[in-house]
Asks: 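My questions will all concern the structure given below.
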Amino acid sequence: MDELEGQLLAKVLALEKERVALSHNSQRQRQEVEKELDALQDRVAGLEHGSSAYSPPDAFKISIPIRNNYMYARVRKALPELYAFTVCMWLRSRSGGSGQGTPFSYSVPGQANEIVLLEAGHDPMELLINDKVAQLPLSLKDNGWHHICIAWTTRDGLWSAYQDGELQGSGENLAAWHPIKPHGILILGQEQDTLGGRFDATQAFVGDIAQFNLWDHALTPAQVLGIANCTGPQLGNVLPWEDKLVEAFGGAKKTTFDVCKGRAKA
C-alpha cells in the first residue's frame, strides 16, 4: 500500500510539472492533463483515508495478537430462538500450543454458556450448549488457516464437527431438546462469565477469525465441503459475516482479508 501510494504521488508531481510546461499550449491539452491529475489525486486520497473500506463486504478478518481479557469482537445482531444451527468460520490460531482459547461464545440472560467453543490448555476442544459439554476431535495447533463447522440440532442433541470440509466426529445427547435462547450477546475471541463480559485471559483466543457465519439448520456434508473449498454459499441465513455487523474492541483489529482468494477448488 505504501509503495503504491508513493508511485502515485510521484506521478502527481510529474503531472504538476507537465501542467506548468503546458501553460502556453492549447486549452485542450491542459484540460486532459488536469483531468488525469485529478483522478490520481483522488486515488491517493482513497488510499490515505479509505483503507478501512472492504470490498466485498465480507472480505475482512478479526485479529487478536496477544492473550488478554480485553480484545474481542462483538456481533451486533440479535439471534432468534434456534432449534438447530450450523456455525462455520475460518480460524488461524497463534496460541503456541497452549490451547486455542475461545473462538466464540454466546450468552443469554441467566445462562453465560448458551453456546461456547473452547479449548483450554491441553484439554480437547469442547462445544458447550446450555452448560452441557461435548468434546470435539478438532486441531488447530499448526498455526495455519483451518475451516471449522459445527452443526447441532435440539432433537436428540445430535452434533457434527467438521474441519477443512471433512467430518471429524459426531455424537448425540448434547443439550437434547433445549432450544437456543434468543436475544443474547455473541462475542468473538473471549469466553463470557456474565452476559457480555467478565472475560478471563486464560480462556482468550489468540489469532485470526474470518467468515463467521450461522445458519438455522444443519448443513449437509456436501454443503460444508463446498464452503470449505470456497465453491459454495458463504453467508449464513441467520448471521452473515458482514462488516456492518462486526465491531472490534480493546485493540482487536479488523483488516481487509479474503480468505478464499486463490483457495477455491474445482
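Along the sequence shown, residues are numbered consecutively beginning with 1. Just so you know, these numbers use all the heavy atoms, side chains as well, and skip hydrogens, waters and symmetry mates.
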Asks: Using side-chain heavy atoms (C-beta onward) and a distance below 4.5 Å, is H178 in contact with Q111?
Replies: no

Asks: Calculate, to the nearest 0.5 Å, the distance between atoms SG and CD belonging to C149 and Q168 respectively.
Replies: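 The distance works out to 11.5 Å.
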
Asks: Between I187 and V116, is there a shared hydrophobic cluster once you connect ILVMFWY residues whose side-chain heavy atoms come closer than 4.5 Å?
Replies: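 Not linked; separate clusters.
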
Asks: Would Y106 and Y72 show up in the same hydrophobic cluster when neighbours are defined by side-chain heavy atoms closer than 4.5 Å?
Replies: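 In one cluster: no.
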
Asks: Indicate, with yes or no, if V259 and Y162 share a hydrophobic cluster defined by side-chain heavy-atom contacts under 4.5 Å among Ile, Leu, Val, Met, Phe, Trp and Tyr.
Replies: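 Shared cluster, no.
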
Asks: Among residues two or more places apart or on two chains, list those pairs meeting salt bridge (charged side-chain N to carboxylate O under 4.0 Å, His left out) that have a residue in residues 65-90.
Replies: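 Listed once each, the pairs are R76-E247.
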
Asks: Just to verify, what does E126 make a side chain to side chain contact (heavy atoms under 4.5 Å, CB included) with, not counting sequence neighbours?
Replies: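 By the side chain to side chain contact (heavy atoms under 4.5 Å, CB included) rule, E126 matches L128, V133, Q135.
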
Asks: Nearest 0.5 Å, what's the NZ-CD distance between K61 and Q211?
Replies: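 Going from NZ on K61 over to CD on Q211, the span is 13.0 Å.
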
Asks: Would you kindly confirm whether I180 and W159 end up in one hydrophobic cluster when ILVMFWY residues are joined by side chain heavy atoms under 4.5 Å apart?
Replies: yes

Asks: The test is side chain to side chain contact (heavy atoms under 4.5 Å, CB included); show your working for I227 and L219 and say whether it passes.
Replies: CA-CA 10 Å; I227 297 169; L219 297 182; 3.7 Å; yes

Asks: As a test of understanding, state which of V75, N213, V87 forms a side chain to side chain contact (heavy atoms under 4.5 Å, CB included) with L239.
Replies: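 Between L239 and the candidates, side chain to side chain contact (heavy atoms under 4.5 Å, CB included) is satisfied uniquely by V75.
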
Asks: Between the side chains of H146 and D164, is a donor N or O closer than 3.5 angstrom to an acceptor N or O?
Replies: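 Distance-only check passes for H146 and D164.
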
Asks: Assign the ring pair F212 / W241 to parallel, tilted or perpendicular, where the plane angle (0 to 90°) is split at 30° and 60°.
Replies: tilted

Asks: Would the distance check show the side chain of Q203 and the main-chain N or O of Q190 forming a donor-acceptor pair, the cut-off being under 3.5 Å?
Replies: no

Asks: What about F60 and F257, are their ring centers closer than 6.0 Å?
Replies: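 No, the ring of F60 stays outside the 6.0 Å limit from the ring of F257, centre to centre.
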
Asks: Out of curiosity, does W152 fall in the hydrophobic cluster containing M125 (side-chain heavy atoms, cut-off under 4.5 Å, transitive links)?
Replies: yes

Asks: If you measure from CG on L136 to OG on S160, what distance do you get to the nearest 0.5 Å?
Replies: 10.5 Å

Asks: To the nearest 0.5 Å, how far apart are CD1 in I148 and SG in C88?
Replies: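 So the gap between those two atoms works out to 9.5 Å.
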
Asks: State, with a plain yes or no, whether a side-chain heavy atom of K253 is found less than 4.5 Å away from one of M71.
Replies: no

Asks: Hey, which of I115, L82, N237, L186 is the one that makes side chain to side chain contact (heavy atoms under 4.5 Å, CB included) with L214?
Replies: L82

Asks: In Å, rounded to the nearest 0.5 Å, how long is the span from OG of S105 to CD of Q192?
Replies: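 If we round to the nearest 0.5 Å, S105:OG and Q192:CD are 3.5 Å apart.
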
Asks: Answer yes or no: is there a donor N or O on one side and an acceptor on the other, between the side chain of K132 and the main chain of A176, under 3.5 Å?
Replies: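 Pair absent, no side-chain N/O of K132 close to backbone of A176.
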
Asks: Any chance you could measure E172, atom CD, to R155, atom CZ, to the nearest 0.5 Å?
Replies: 12.0 Å

Asks: Does the side chain of D208 reach to within under 4.5 Å of the side chain of W145, using non-hydrogen atoms?
Replies: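 Contact flag for D208/W145 side chains = yes.
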
Asks: Please report the C-alpha distance between D200 and T202 in whole Å, then the side-chain angles of each, then the deciding distance to 0.1 Å, and finally whether the side-chain hydrogen bond (donor to acceptor under 3.5 Å, both in side chains) criterion is met.
Replies: CA-CA 5 Å; D200 182 346; T202 64; 2.9 Å; yes

